[in-house]
Amino acid sequence: MRLRNKPWAEDYLNEHPDLVVSNPEDYKGRWNELFGNDNPLHIEVGTGKGQFITGMAKANPNINYIGIELFDSVIVIAAKKAVEAGQPENLRLLNVNGSKLEEYFAKGDVSQVYLNFSDPWPKTRHAKRRLTHANFLSLYEKVLIDNGEIHFKTDNRGLFEFSLMSLTDYGMKLKLVSLDLHNDDVEDNIMTEYEEKFSSKGQPIYRLEAQFMTEK
Ligand SMILES: C[S@@+](CC[C@H](N)C(=O)[O-])C[C@H]1O[C@@H](n2cnc3c(N)ncnc32)[C@H](O)[C@@H]1O
């Protein structure tokens, strides 16, 4: 199901089929054909206005990127940003629900998943909606390569603590944990729109990298 309920957004997205893929289910298991190469594919679930995914695509031409965003009114901003940035060939956008990843990606299609400033869903009864809940981790594992990774940034301490527990309970290996990304010695950090907003208010940014431990 596409959440395209704003005609102006739908029109813009339809005008850019080479950027916004309207039939992602057709590429399940063969995204390399769409990109025309066998480079690794990194996806961001909850791309928002697209600054991160466009910046990453420009900085890393040997990696393919797909930004996934639920709302057409938001992804249209990401699409405009990508066009203004010269529309990198290694970037595509999907206006779909990240909870349906399996419909669009086969096992091993994806090398890395980015989650940036995901909605925190602070109420306990909404915990299953958090993108680092075990149900979502199981979904990511189904589309990732063996020993694939999740890279996660947030300003929300509660969500970060929940995520540390959720990922380790799932059996993932934490490879990096930062409690203050912008004051750590990290190179090549590309900021998201939310990251700029929160860090400009002096809030620390939390970041982790975690790896699925695929048994052989
Ligand atoms: C708080 S915003 C952060 C946006 C961006 N990553 C940033 O850091 O600036 C979260 C975004 O995730 C999107 N989102 C939430 N749940 C999603 C899902 N299940 N599938 C796709 N996008 C989702 C929301 O629509 C929203 O645009």
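Whatever order the structure lists ligands and atoms in, that order sets their numbers, starting from 1. Just so it is clear, the values below take in all heavy atoms, side chains as well, and ignore hydrogens, waters and symmetry mates.
- The six-membered or imidazole ring of F152 lies away from that of Y114, with a centre-to-centre distance of 6.0 Å or more.
- Under 4.0 Å from any atom of ligand 1, one finds heavy atoms of residues E44, G46, T47, G48, I68, E69, L70, F71, V96, N97, G98, N116, F117, D119, T192, E193, Y194.
- Aromatic ring centres of Y104 and W31: separated by at least 6.0 Å.
- Partners of T192 under the side-chain hydrogen bond (donor to acceptor under 3.5 Å, both in side chains) rule, at least two apart in sequence or in another chain, do not exist in this structure.
- The stretch residues 54-63 participates, sequence neighbours left out, in these side-chain hydrogen bond (donor to acceptor under 3.5 Å, both in side chains) pairs: N60-Y65.
- Side-chain contact between I205 and D180: absent, with no pair of heavy atoms (C-beta onward) separated by less than 4.5 Å.
- With sequence neighbours excluded, no residue forms a side-chain hydrogen bond (donor to acceptor under 3.5 Å, both in side chains) with E15.
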